[in-house]
K.L.:
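Supplied in structure tokens, the structure appears directly below.
The basis for the numbers below is simple: all heavy atoms, side chains too, and nothing from hydrogens, waters or symmetry mates.
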Amino acid sequence: MNSTPQQPQVLPPPTSVSAPGSGDLRALFGESSAVIASMTGPTHLLEAANPAFFRAIGRQDDARVGLPIDELMPELAAQGFVALLDRVYRTGEPYTGRDARVLLGAADQTREAFFDFTYEPRRDADGRVTGVRMIGVETTQIKQAQRLTAEHRVLLEQIARQAPLEEVLEGMAKAIEELSPGMLVSVLLADADGRHLRHGAAPSLPSFYNEAIDGIATGEAVGTCGTAAHRRQRVVVSDIAGDPFWEGYRDLAARAGLAACWSTPILGRDGRLLGTFAMYHREPRAPDEADLALAGVFAGTAGLAIERHLAEEARAAAEAREKAARDDLAFLLNASTALSADLDYSQTLSRLASLCTPALAPLCAVDVVDRGRTRRVAVAATTERDHQLLAAHLSDAHAESDDAVTRVLGTGVTEVARRAPRGPGPWRELRVTGYVCAPLTERGRTFGTVTLLSTDDHDFDSHAVTLVEEVARRTATAARNARQYTQRATLARDLQAGLLLPDIPDLPGAEVTTYYHPAGEGLDIGGDFYDVFPLDDGGWAFLLGDVCGRGALAATTTALVRHTARAVAAYLPDPQSIVRAVNRALLQPHGNHDNGFVTLVYGHFTPAPGGGLDIDLVRAGHTYPLHLTRSGVRTLKSDGSILGIMPDPPLTTARLRLAPEQSLLLYTDGITECRDAQGEQFGEERLISLLERAQRRPPATLDLVTGAVHAFTGGRAGTDDQAALLLTATTEST
């Protein structure tokens, strides 16, 4: 080591992060030149050689000419090269080798090299072989360039497939150390603030050294790496022992056996500090052009890997935030669904406690004001013991003035504390460390509270408090709805019953089976309807339809269609004219709103001579009727537009002879458009296939259909009503 401090070299940082080009390779490995040697006699005395020959074999050219080649280069004999010279000298035939590997130098200083060479016989005037001439080109540089390119390509592929940053940097450091024996590589990563450097990769440095420099600050005279990061420039220290930059780390470097260090800052495309790329040596030395080129190439590659890693981290963080937001939304949506599932006041409050535990806290209690007193109506806990302890804490405790429930009931404001409630309770046994008490408020009146209790390491942040308040708000709304539900549901059921055919009449030569299933909980009047009634000529009318919408307007429209059809059937001759009369009625405004549109199948049937039914029907925008026979299922095509849209909709009449034991199935789209858990529709094709595989007598046919629909949807209530009417011709004849 030099005893006097040397001024460190400060060189500009690399400017490229792309793959090494021809200029980089020349800087890294130099340029090839021809190697020429002329030997004479059977012992292959070296007669003459150019300077490139002596440089290639690592020996001075003085006093070397005139020695046999195996004495000058004894390592060649064991590798078979002297035997090749003997063969060329003996046979007079030249020999050419490509990319031949040769180990040059003594055992302690062996250098691996590759050559393209030719051994040519030298002849005298009479054509006799007098010696051998060797002409070669060293290809070591090309081999090294190929290895560099391959290693670099592997690194880029790792970066492209988003391999872990540690894996990429570790592989890069090992590849460089293999390309440059004696070099020790270290990569440090900059903190987000750019003020500290963290361990990234250093496979050959001692672990104690890596631990000691992990987290070093960036700044002037903070070793080579800290200084390079601070200056944003390459810094070269050729002798650590005498360099002022290493004043505070010299003993550490000596212990690790490090004598020289060159550090290149790793900069992002936006100029941000990403880290440092350092090359250490165990002997004092300065970098040559190849060292600096190698640092430039791989510092740029490391920068690409780090930027890709940071981008992936940012993407993962954004996805985590997005997932958290989705989870919150899913929690609130599930909470809303669960809270309104039963529409029972007590069950709604019990579900609130269950929803919050353990999703939001380990313990939850719900209290309400009932006849002037506070009453605990629901608790939830993660263990049965805690559940019993919390449930035993009854409302008498709320008489204390210093009680969170009492205060929140009075103020209507959420209370949060990082301690157990001050009032009496099993807080020590439950290991309570904090609580959130949120009001249940309906139209400005606080009627209850939900209290979440944290235990052990659990804690409430602002995010959790916001969720608690939102769940409390939704619970209050659900509880209010639950109180109103019973009266409204009763009214809706009564009205719905009045709009449906109460009893199926006895029909000559025919049997009718019906099915009706309203969507939801029955608070709204459904829009599906059916009817069967007698005609004056001895025939019968049947209809099935679907009104747009639900509720009171749908009920009004349903009644309008049924009553209009019944009223005009005695005066109009055929189904088409009756359907047109219904359409005219729909186009007449009802009060200050329209009646909406309707899809409908309307028809007449009369017993046919010899058995069966003669049917005339009109389809107005509805699902196609299905003709069920022993040989299969046929879709009854009949064109017709929705009613209530235009004054004169296009309509056609379809005629059908329904033979005995054949059926005509009318159904609403609530059956074919119901969906399974994956969102797939039941569909008309599945319905037809079901009917063709298992033909049954009514009402078993409708039982088969409704059972299949129930199994397909998993028993979930759909968003549309379902109705069906099955008309079957019996064997009874007229």
Side-chain angles (χ1 to χ4, degrees), residues 501 512 514 516 526-533 535 539-549 554 556-588 594-606 613-628 633-658 662-673 681 683-685 687-688 691 720-727:
L501 188 65
V512 171
T514 60
Y516 179 79
D528 291 3
F529 60 92
Y530 56 80
D531 198 1
V532 179
F533 57 89
L535 299 172
W540 287 80
F542 63 93
L543 59 93
L544 182 139
D546 188 356
V547 173
C548 174
T556 302
T557 305
T558 296
L560 176 66
V561 173
R562 289 185 60 210
H563 295 159
T564 299
R566 281 177 172 260
V568 302
Y571 306 102
L572 298 176
D574 55 70
Q576 189 173 137
S577 60
I578 295 171
V579 171
R580 293 189 183 280
V582 170
N583 182 67
R584 287 192 295 272
L586 290 170
L587 292 175
Q588 296 296 321
D594 295 331
N595 295 304
F597 59 83
V598 174
T599 65
L600 179 69
V601 175
Y602 177 89
H604 293 169
F605 70 86
T606 57
L613 301 174
D614 287 330
I615 299 175
D616 290 350
L617 64 81
V618 173
R619 186 190 70 88
H622 201 73
T623 55
Y624 288 107
L626 298 178
H627 181 194
L628 282 57
V633 178
R634 180 173 67 91
T635 299
L636 189 61
K637 299 294 184 179
S638 175
D639 295 333
S641 296
I642 294 176
L643 304 180
I645 301 295
M646 61 184 73
D648 189 20
L651 299 171
T652 59
T653 300
R655 289 181 169 81
L656 171 69
R657 168 65 63 86
L658 203 63
Q662 292 185 357
S663 298
L664 183 69
L665 176 63
L666 311 180
Y667 60 93
T668 60
D669 58 10
I671 291 177
T672 52
E673 294 182 3
Q681 288 189 350
E684 183 179 353
E685 291 184 3
L687 174 62
I688 293 175
L691 294 170
D720 198 3
D721 302 327
Q722 298 172 359
L725 185 150
L726 184 69
L727 175 63

K.L.:
Using the rule side chain to side chain contact (heavy atoms under 4.5 Å, CB included), only one of Thr514, Leu543, Leu725 pairs with Val532; which is it?
P.N.:
Leu725

K.L.:
Considering non-hydrogen atoms only, spot the tightest contact between Ile642 and Val598 and give its length.
P.N.:
CG2-O, 3.4 Å

K.L.:
Can you check whether Val512 reaches Phe542 side chain to side chain, under 4.5 Å on heavy atoms?
P.N.:
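Answer no - side chains too far apart.
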
K.L.:
To the nearest 0.5 Å, tell me how far Cys548 SG sits from Ile645 CD1.
P.N.:
8.5 Å

K.L.:
What pair of heavy atoms forms the shortest contact from Arg619 to Pro625, and how long is it?
P.N.:
CD-CD, 4.1 Å

K.L.:
Ignoring hydrogens, what is the shortest heavy-atom contact between Leu572 and Ala581? Give both atom names and the distance.
P.N.:
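So the minimum-distance heavy-atom pair works out to CD1-CB, 3.9 Å.
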
K.L.:
Side-chain contact test, heavy atoms from C-beta onward, threshold under 4.5 Å: evaluate it for Leu664 versus Leu617 and give yes or no.
P.N.:
yes

K.L.:
Can you name the nearest heavy-atom pair linking Pro649 to Leu643, along with the distance?
P.N.:
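Shortest heavy-atom separation between Pro649 and Leu643 comes out as CG-CD2, 4.2 Å.
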
K.L.:
Identify the two heavy atoms, one from Asn583 and one from Gly644, that lie closest to each other, and give their separation to 0.1 Å.
P.N.:
OD1-N, 2.7 Å

K.L.:
Distance from Ile671 atom CD1 to Leu665 atom CG, nearest 0.5 Å?
P.N.:
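It is 7.0 Å, given to the nearest 0.5 Å.
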
K.L.:
If you look at every heavy atom in Leu727 and Ile615, which pair is closest and at what distance?
P.N.:
CD2-CD1, 3.9 Å

K.L.:
Can you tell if the side chain of Tyr516 reaches within under 4.5 Å of the side chain of Asp721, non-hydrogen atoms only?
P.N.:
yes

K.L.:
To the nearest 0.5 Å, tell me how far Asp531 CG sits from Thr558 OG1.
P.N.:
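Asp531 atom CG to Thr558 atom OG1 measures 11.0 Å (nearest 0.5 Å).
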
K.L.:
Taking the side chain as every heavy atom from C-beta outward, state whether Arg580 and Leu651 have any atom pair closer than 4.5 Å.
P.N.:
yes

K.L.:
Looking at NE2 of His622 and CG of Leu544, how far apart are the two atoms once the value is rounded to the nearest 0.5 Å?
P.N.:
4.5 Å

K.L.:
Check whether any side-chain heavy atom of Leu613 sits under 4.5 Å from a side-chain heavy atom of Gln662, and report yes or no.
P.N.:
no

K.L.:
Taking C-beta and beyond as the side chain, do Arg584 and Val568 meet within less than 4.5 Å on heavy atoms?
P.N.:
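A side-chain contact is absent here, since even the closest heavy-atom pair is not under 4.5 Å.
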
K.L.:
Using 0.5 Å steps for rounding, measure from the OG1 atom of Thr672 to the OH atom of Tyr624.
P.N.:
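Result: 13.0 Å between the selected atoms.
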
K.L.:
Do the non-hydrogen side-chain atoms of Asp616 and Asp614 ever get within less than 4.5 Å of each other?
P.N.:
no

K.L.:
Run the side chain to side chain contact (heavy atoms under 4.5 Å, CB included) test on Leu687 and Tyr667 for me, step by step, so that the C-alpha distance in whole Å, both residues' side-chain angles and the decisive distance to 0.1 Å come before the verdict.
P.N.:
CA-CA 11 Å; Leu687 174 62; Tyr667 60 93; 3.8 Å; yes

K.L.:
May I ask you to check whether Thr668 and Asp546 show a side-chain donor-acceptor distance below 3.5 Å?
P.N.:
no

K.L.:
Give the ring-plane orientation class for Trp540 versus Phe605, where under 30° counts as parallel, over 60° as perpendicular and anything between as tilted.
P.N.:
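Because their plane-to-plane angle is under 30°, the rings of Trp540 and Phe605 count as parallel.
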
K.L.:
Any side-chain donor-acceptor pair under 3.5 Å between Tyr602 and His604?
P.N.:
yes

K.L.:
How long is the gap from CG on Leu656 to OG on Ser638, to the nearest 0.5 Å?
P.N.:
11.0 Å

K.L.:
Does a side-chain heavy-atom distance below 4.5 Å link Val618 with Thr652?
P.N.:
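No, too far: nothing below the 4.5 Å cut-off.
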
